[in-house]
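Here the structure is a predicted model, which is why all the values come from computation and not from measurement.
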Amino acid sequence: MAHDHASHGHGPHGHSHGAGHVHGSTDKKRVLIAACLTGGFMVAEALGGLITGSLALLADAGHMLADSIALGLAWYAFHLAGRPATGRLTYGFGRVKTLVAYTNGIAIFVIALWIVYEAWGRLMHPAPVLGGPMLVVAVVGLLVNIGAFFVLNGGDRGSLNMRGAILHVLGDLLGSAAAIAAALVILATGWTPIDPILSVLVALLILSTAWSLMREAAHVLLEGVPASLDRDLIAKDIEATVKGVREVHHMHVWSLDGTSNMATLHACLNDGVDPHMAVSAIKKRLAAEHGIDHATVEPEFGLCADSHDEHDHHHDHAHDAPRDRRHYH
């Protein structure tokens, strides 16, 4: 059996590496700008929350604190992803971005639960809130968050790391909007329970989006088949379109970081088929039709090399001509 690794895009050296590098460089700058904006205003909002007694401001400030850390981690993940692969990390550091996205989702969950806990205490024991100063701080916070959102929104929306960063800033934006609404209600009616109520509403919205992010990041970390691909249909497509391929099995399809798709498979070939030509055709088909630029294909004749019935394998092929067992690189 021959393993063929020819013409695939090896991790950071894939066909789309150029575009990916450009995206990563600009996304890295965007995340850094958003982290500075978020971290800078977080201190002002925390002070505003303490002075005015607003849970909505404190909750948003707490969220912005975690977001500043998360955005910093996202920036560092982009920084690591630019490093070349090593002998120990043969795929490089690309998956760090997915790990950070998953961690961001967990952080959002913790923050949202804290907001709900604090809101319950405020509803049980209402506290005075200074609506005027609260409104001023919330409006400034909204403007800062809108700026950070537009900075990030211009980046690569297909990157889980960028989506996690956008989700954090979107949560901050919603928090500021809720604080503005609460301040207006308090100024107009004096009804302070609106402050924790709107805080809980924002927390629930954040929880739903955080769950979606965590589930997708976990799917990547577990090397699940990308949502845009169907492993079985891809196998059938290869069998139907690549000349000389009798059967495709032992196929695995996964993504390194949510954008770079990879595959391994065994291809049973008809007798007399040139294995190198068949593997090249399979790789071209995977790249052109399915967006899989990194593929490792093992061509086979007769029984699969992973068959446990070695005696039958030897008997069935005792009179076969010697086959080329070289690794193509």
- Item | Side chain to side chain, Thr52 and Val137, heavy atoms closer than 4.5 Å | no
- Go through the steps for Leu207 and Leu204 under the test side-chain contact (heavy atoms from CB on, under 4.5 Å), then give the verdict. CA-CA 5 Å; Leu207 279 174; Leu204 293 177; 4.3 Å; yes
- Under a single-linkage definition using a 4.5 Å side-chain heavy-atom cutoff for Ile, Leu, Val, Met, Phe, Trp and Tyr, are Phe301 and Val248 assigned to the same hydrophobic cluster? yes
- Message: Rounded at 0.5 Å granularity, tell me how far CD in Glu289 sits from CG in Asp237.
- Response: 6.5 Å
- Query: Do you know which two heavy atoms are closest between Val116 and Ala203, and how far apart they sit?
  - Reply: CG2-CB, 4.0 Å
- CE of Met42 to CG of Leu47, rounded to nearest 0.5 Å, is 9.5 Å
- Task: Mind listing the closest non-hydrogen atom pair of Met134 and Ala179 along with its distance?
- Result: CE-O, 3.3 Å
- Query: Step by step, would you call Phe149 with Leu37 a side-chain contact (heavy atoms from CB on, under 4.5 Å)?
  - Reply: CA-CA 10 Å; Phe149 177 78; Leu37 287 173; over 6 Å; no
- State whether the side chain of His219 and the backbone N or O of Val225 hold a donor-acceptor pair below 3.5 Å, judged by distance alone. yes
- Query: Between the side chain of Asn145 and the main-chain N/O of Gly141, is any donor-acceptor distance below 3.5 Å?
  - Reply: yes
- Closest approach of Cys304 and His266, non-hydrogen atoms and distance? SG-ND1, 3.4 Å
- Message: Checking Glu300 against His249 for the side chain to side chain donor-acceptor pair (under 3.5 Å) test, could you report, in this order, the C-alpha distance in whole Å, the side-chain angles of both residues, the deciding distance, and whether it holds?
- Response: CA-CA 11 Å; Glu300 300 174 337; His249 60 272; 3.2 Å; yes
- Message: side-chain contact (heavy atoms from CB on, under 4.5 Å), that's the test. Do Asp293 and Asn261 meet it? Break it down for me.
- Response: CA-CA 7 Å; Asp293 290 328; Asn261 298 325; over 6 Å; no
- In Å, rounded to the nearest 0.5 Å, how long is the span from CD1 of Ile186 to CD1 of Ile194? 8.0 Å
- Shortest non-hydrogen pair, Ala281 vs Val242, comes out as CB-CG1, 3.8 Å
- Look up atom OG1 in Thr38 and atom CD1 in Ile33, then write down how far apart they are to the nearest 0.5 Å. 11.5 Å
- Check whether Val169 and Phe150 end up in the same hydrophobic cluster, where Ile, Leu, Val, Met, Phe, Trp and Tyr are linked by side-chain heavy atoms less than 4.5 Å apart. yes
- Message: Could you report the tightest heavy-atom contact between Arg95 and Glu223, atom names first, then the distance?
- Response: NH1-OE2, 3.4 Å
- Query: Does Trp191 CH2 have over 12 foreign heavy atoms under 6.0 Å away?
  - Reply: yes
- Task: Look up atom CD1 in Ile238 and atom NE2 in His290, then write down how far apart they are to the nearest 0.5 Å.
- Result: 6.0 Å
- Are Leu201 and Val185 connected in the hydrophobic side-chain network, where two residues link if heavy atoms are under 4.5 Å apart? yes
- Spacing of CD1 belonging to Ile197 relative to CG belonging to Leu123, to within rounding of 0.5 Å: 5.5 Å
- Message: Please tell me whether Leu174 and Phe109 are part of a single hydrophobic cluster in this structure, the criterion being side-chain heavy atoms less than 4.5 Å apart.
- Response: no
- Message: For Ala182 versus Leu198, what's the shortest heavy-atom pair and its separation?
- Response: N-CD1, 3.5 Å
- Query: Under 3.5 Å, is there a donor-acceptor pair between the side chain of Arg30 and the main chain of Leu152?
  - Reply: no
- Task: Give a yes or no on whether the backbone of Ser260 and the side-chain of Ser255 come within a donor-acceptor separation of less than 3.5 Å.
- Result: yes
- Message: Working note: Ile234 + Leu265, criterion side-chain contact (heavy atoms from CB on, under 4.5 Å); need CA distance, chi angles, decisive distance, verdict.
- Response: CA-CA 11 Å; Ile234 293 174; Leu265 61 95; over 6 Å; no
- Message: We want to know whether Glu298 and His250 form a side-chain donor-acceptor pair, criterion being a heavy-atom distance below 3.5 angstrom.
- Response: no
- Would Leu187 end up clustered with Leu142 when hydrophobic side chains under 4.5 Å apart are linked, directly or stepwise? yes
- Could you check whether the rings of Tyr91 and Trp254 sit parallel, tilted or perpendicular, using 30° and 60° as the cut-offs? perpendicular
